[in-house]
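Numbering starts at 1 and runs along the sequence shown.
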Amino acid sequence: TFVLAIEFERDLLWSNGQITSRGGFDIFSTQINDFFNPEYNFSHIGGPWNDRLTDLKVINENRYLICSKFYQSIQLGDQVIYSQGSSDGLVSKHGLGNHRLLDYYHLSSPGEDEVVSSIPVSEKFLIVAGITDNPQTGISHPFIQKFGDQPKQPMTLKNSNQLLKSSLPF
């Protein structure tokens, strides 16, 4: 099977079900089989405005990540997350098979934020990269954020203008 994530607007119909977006574009993820048929179980992330899918990564046979950008608010599982700036970045971890939300990281500042890419180094160590904006200066800054336990092998991150110093469980 494969993991599929797409942006959709209005109604999304497939052979085993359908969902309706909560506003503009929402994000849908599921597994598809060798015949490109989607499963009944899925994940639906969305809010009143356009939510943008920026990256999809499979961590292992049990989990995957969705990186996204949202405006105003977004519904993630049973909770609603509110944007602090014009847009915020989000990394969400989902279970394969049931597609339940397992964890998430919300990047929020007074400006425009976006998580562009993720690198699952291992199940317990994740690197995400993106852009954060300073509304007072109008200057955007790239960032790299580390989560979880460091791998035992040394690692070098090159060409990074800004490295946020933190290590958070994920």
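Classified by interplanar angle (parallel below 30°, tilted 30° to 60°, perpendicular above 60°), the ring pair Tyr64/His94 is parallel.
Shown here for Gly46 and Asp51, the closest heavy-atom pair between the two residues is CA-OD2, 3.1 Å. Residues Ser109 and Thr132 approach most closely at OG-OG1, 3.5 Å, considering heavy atoms. Taking each heavy atom of Pro48 and Gln72 in turn, the nearest pair found is CG-OE1, 3.4 Å. For the residue pair Ile45 and Ser92, the shortest heavy atom distance occurs at CD1-OG, 3.7 Å. Nearest heavy-atom pair, Lys93 versus Arg63, reported as atom, atom and distance to 0.1 Å: CD-CD, 3.8 Å. Annotation for His106 and Tyr82: closest pair CE1-O, 3.3 Å, computed over non-hydrogen atoms.
Between the side chain of Asp88 and the main chain of Ser108, no donor-acceptor pair closer than 3.5 Å is present. Between the Ser73 side chain and the Gly47 main chain, no donor and acceptor come within less than 3.5 Å of each other. Remark: the backbone N or O of Gly89 is not paired with any side-chain donor or acceptor of Asp113 at under 3.5 angstrom. Using a distance-only test at 3.5 Å, with no hydrogens or angles considered, a donor-acceptor pair links the side chain of Thr54 to the main chain of Val115.
Looking at Gln31 and His99, their side chains come closer than 4.5 Å, going by heavy atoms from C-beta outward. Within the 4.5 Å cutoff, no side-chain heavy atoms of Asp103 are placed close to those of Tyr105. For the pair Tyr104/Ile81, a side-chain contact is recorded, criterion being any heavy-atom separation below 4.5 Å from C-beta on. For the pair Leu126 and Val128, the minimum side-chain heavy-atom distance is below 4.5 Å. Annotation: side chain of Ser83 is not in contact with side chain of Tyr71 (no heavy-atom distance under 4.5 Å).
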*asked:* With side-chain contact (heavy atoms from CB on, under 4.5 Å) as the criterion, how do Phe8 and Ser21 come out once you've worked through the C-alpha distance, each side chain's angles and the decisive distance to 0.1 Å?
replied: CA-CA 7 Å; Phe8 74 97; Ser21 69; 3.8 Å; yes
*Go through Ile66 and Leu53 one step at a time and tell me if the side-chain contact (heavy atoms from CB on, under 4.5 Å) criterion holds.*
CA-CA 7 Å; Ile66 291 179; Leu53 173 68; 3.7 Å; yes
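Atoms CG and OG1, from Leu96 and Thr30 in turn, are 9.5 Å apart once rounded to the nearest 0.5 Å. Taking CD1 of Ile6 as the start and CZ of Phe28 as the end, the distance is 6.0 Å to the nearest 0.5 Å. With rounding to the nearest 0.5 Å, the separation of NE2 in His44 from CG in Leu101 is 13.5 Å. In this structure, the separation between OG on Ser118 and CG on Asp55 is 4.5 Å, given to the nearest 0.5 Å. Taking CG from Leu56 and SG from Cys67, the interatomic distance works out to 8.5 Å, rounded to the nearest 0.5 Å. Within the model, atoms CZ of Phe42 and CD1 of Ile27 stand 14.0 Å from one another, a figure rounded to the nearest 0.5 Å.
Both Leu12 and Phe2 are assigned to one and the same hydrophobic cluster, defined by single-linkage of ILVMFWY side chains at heavy-atom distances under 4.5 Å. Both Ile144 and Val121 are assigned to one and the same hydrophobic cluster, defined by single-linkage of ILVMFWY side chains at heavy-atom distances under 4.5 Å. The same ILVMFWY cluster, assembled from side-chain heavy atoms under 4.5 Å apart, contains both Ile59 and Val91.
More than 12 heavy-atom neighbours from other residues, nucleotides or ligands sit within 6.0 angstrom of CD on Gln79.
With hydrogens and angles left out, the side-chain atoms of His141 and Asn134 include no donor and acceptor closer than 3.5 Å.
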